[in-house]
Amino acid sequence: MELQFNSEFWWGAATSGPQSEGRFHKKHANQYDYWYETKPEEFYNYVGPDTASNFYNSFKEDIALMKEVGLNSVRTSIQWSRLIDDLEEGTVNEDGVRFYNEVIDEFLKNNIRPIVNLCHFDIPIELYQKYGGWESKYVVDLYVKFAAQCFRFFGDRVVDWITFNEPIVIVSGGYLSQSHFPKLKDGKKAVQVAYNLQLASAKCIELFRKTNKNPNGRIGIILNLTPSYPATNNEEDQKAAQFADLWANRLFLDASIKGEFPEELLQILKKDNVLWKTTYEELKIIKENTIDYLGVNYYHPHRVQKPAVSSNSLAIEWTPELYYNDYDMPGRRMNMDRNWEIYPQAIYDIAKNIKENYGNIPWFVSENGMGVSREERFLDEKGVIQDDYRIQYISEHLYWLKKGIEKGSNCFGYHMWTPIDCWSWSNAYKNRYGFISNNISTQIKTIKKSGYWFKEVAESGMIRMPDEWKSFEKLENKKTI
Ligand code: GAL
């Protein structure tokens with residue numbers, strides 16, 4: 001079976017400043033630098049963000065490798081803590097400007113379209129220590145000052161801007177599940193942070209529209225969508241899945257595309273007395289400044305069942321889990337290294353949802369990928385990692401994406417996480433995702449089998465699905481509800 005995509009399709013990959021660059025411009029630490037300095041034991045094998053994949057020093061060679069694996073577009077992010085010198089005034093650091101200018105120019109020289117994101121979870125740590133980070137609307141305004149400098153210095157060449165990567169992860173990881181800095185468990189703060197992030201995104205869009213002089217310039221947001229599937233058809237499980245969807249997906253989707261938060265969610269937050277503080281002027285900004293295009297990070301679905309605790313239980317602090325519980329569906333296909341379910345068909349459901357409920361806005365898959373540990377297990381005698389599992393994973397997702405496109409969904413590209421194995425909080429370099437492997441002791445980078453394969457895909461716009469993979473189609477069609 002062959003899947004043919006159109007010739008304009010983006011074939012690319014995504015990375016981020018904090019996960020690839022390594023620490024430069026030491027005036028400000030971001031929260032990862034600080035977290036590692038204070039608690040190095042919380043990072044796999046004690047590996048911190050100070051070198052990452054050395055992109056700051058080796059960006060020319062790295063971009064040449066990205067070219068070699070056929071990428072026609074790449075996302076990275078500009079780090080607030082590296083570009084800005086005086087955080088209150090928003091003045092720039094000269095070396096930061098030089099570095100990001102050179103990176104953008106290098107991408108363009110190689111005919112790679114740079115997609116530039118303004119926040120990949122990173123925030124200067126002082127802004128958390130002084131003001132509570134995203135809990136503060138003052139910090140929202142400082143963020144807009146940073147964005148203004150990005151647009152000013154790079155807007156002549158960057159066409160595709162992104163205001164945030166996965167804002168719900170800042171909310172849930174940082175303020176509920178304690179997997180991200182500042183590792184709090186505070187439902188009320190979580191709700192306010194969610195609102196403040198949406199406000200920050202809308203304020204950046206407002207500024208962009210006022211100042212942008214690039215005729216093709218456009219701005220969007222990247223959301224990690226986790227379609228929610230109820231464990232059974234029982235009403236309680238269905239209600240739980242609806243809430244999970246409201247909280248994890250629709251909160252930012254509706255606000256970013258329709259300019260309004262979902263009414264059902266507002267009612268619940270109000271009833272529970274945790275609704276965010278807002279003003280009429282702010283809601284107007286959110287309403288009037290919606291995105292031009294959407295990036296969707298998709299890794300896994302969300303299997304949901306009725307909550308374990310009752311929302312009437314006043315003794316319990318507010319958490320979205322008052323309304324749903326995760327469901328460990330028997331027999332689901334898992335990537336055990338990351339503990340994430342593999343369910344490519346959800347991409348089709350996402351495509352359909354965007355078409356039917358979000359005005360068929362232009363969108364692309366901005367991340368998808370497979371983190372695998374100890375990939376040296378798969379080295380062949382020539383020193384190439386034989387990551388056939390990754391090729392199959394990507395192909396299966398593209399199969400369902402293509403089906404969505406055939407039904408009219410307005411998807412214009414696919415980006416894999418990530419071009420070159422990079423660093424992550426907590427897991428550090430445990431799981432590898434790249435088309436290109438990185439020996440973190442020597443920083444020697446080597447193309448994996450999937451990288452050579454992707455080059456052919458990008459050049460031809462075509463995926464070949466070998467017969468032995470056809471079985472997955474039946475597997476994915478097996479209904480769970
Ligand atoms: C995403 C995130 C990336 C990357 C990826 C794989 O949620 O945007 O930064 O770490 O997960 O774990």
Side-chain angles (χ1 to χ4, degrees), residues 12-22 30-32 35-36 42-44 47-49 52-53 55 74-80 115-123 162-174 176-181 197 201 220-227 248-249 252 294-302 334-343 346-347 350 363-373 375 387 389-390 393-394 397 414-438 440 450:
T15 185
S16 76
Q19 291 171 271
S20 64
E21 289 167 2
N30 65 32
Q31 86 279 27
Y32 295 125
W35 181 2
Y36 181 68
E42 292 187 3
F43 295 79
Y44 183 74
V47 175
S53 53
F55 190 67
V74 168
R75 169 168 57 111
T76 188
S77 68
I78 294 178
Q79 294 200 66
W80 190 353
I115 289 69
V116 177
N117 170 25
L118 299 175
C119 177
H120 203 106
F121 311 135
D122 55 306
I123 183 168
I162 298 289
T163 59
F164 282 96
N165 176 72
E166 303 190 345
I168 193 70
V169 170
I170 302 181
V171 177
S172 55
L176 294 164
S177 69
Q178 296 168 292
S179 54
H180 266 258
F181 193 84
L197 290 169
S201 176
I221 195 167
I222 286 179
L223 303 178
N224 51 313
L225 298 184
T226 47
N249 302 318
F252 288 107
L294 174 72
V296 174
N297 293 355
Y298 172 69
Y299 289 93
H300 57 83
H302 193 182
M334 297 293 289
N335 168 7
M336 294 313 284
D337 284 331
R338 191 63 179 81
N339 213 19
W340 278 348
E341 181 180 343
I342 299 177
Y343 184 64
I347 286 231
I350 289 172
W363 68 285
F364 75 117
V365 176
S366 41
E367 281 182 34
N368 175 232
M370 190 167 181
V372 172
S373 67
E375 275 200 310
D387 54 346
Y389 42 86
R390 183 165 288 111
Y393 176 100
I394 298 172
H397 284 80
Y414 174 89
H415 277 191
M416 226 263 301
W417 182 268
T418 187
I420 300 174
D421 286 347
C422 68
W423 182 85
S424 281
W425 52 96
S426 333
N427 271 333
Y429 273 92
K430 176 175 168 281
N431 295 322
R432 306 300 185 99
Y433 290 83
F435 284 130
I436 297 156
S437 78
N438 183 17
I440 60 167
S450 61

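Whatever order the structure lists them in is the order used to number ligands and atoms, beginning at 1. Bear in mind that the values here come from a model prediction, so they are computed numbers and not experimental data.
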Interatomic distance, OH@Y299 vs CG@L225, rounded to 0.5 Å, equals 12.5 Å

So W340 and H300, would you call those rings parallel, tilted or perpendicular, with 30° and 60° as cut-offs?
tilted

Here the gap from R432 atom CZ to S424 atom OG, rounded to the nearest 0.5 Å, amounts to 10.5 Å

Can you pull every nitrogen or oxygen pair between ligand 1 and the protein closer than 3.5 angstrom?
from     : atom 1 : to   : atom 2 : distance (Å)
ligand 1 : 7 (O)  : E166 : OE1    : 2.7
ligand 1 : 7 (O)  : E166 : OE2    : 2.9
ligand 1 : 8 (O)  : H120 : NE2    : 3.4
ligand 1 : 8 (O)  : N165 : ND2    : 3.0
ligand 1 : 8 (O)  : E166 : OE1    : 3.4
ligand 1 : 8 (O)  : E166 : OE2    : 3.3
ligand 1 : 8 (O)  : E367 : OE1    : 3.1
ligand 1 : 8 (O)  : E367 : OE2    : 3.0
ligand 1 : 9 (O)  : Q19  : OE1    : 2.9
ligand 1 : 9 (O)  : Q19  : NE2    : 3.4
ligand 1 : 9 (O)  : H120 : NE2    : 2.7
ligand 1 : 10 (O) : Q19  : NE2    : 3.3
ligand 1 : 12 (O) : Y433 : OH     : 3.1

*Would you say E341's side chain and M334's backbone share a donor-acceptor pair under 3.5 angstrom?*
no

Angle between ring planes, W425 versus F121, binned at 30° and 60°: parallel, tilted or perpendicular? perpendicular

Can you label the angle between the Y298 ring and the H397 ring as parallel, tilted or perpendicular, going by 30° and 60°?
tilted

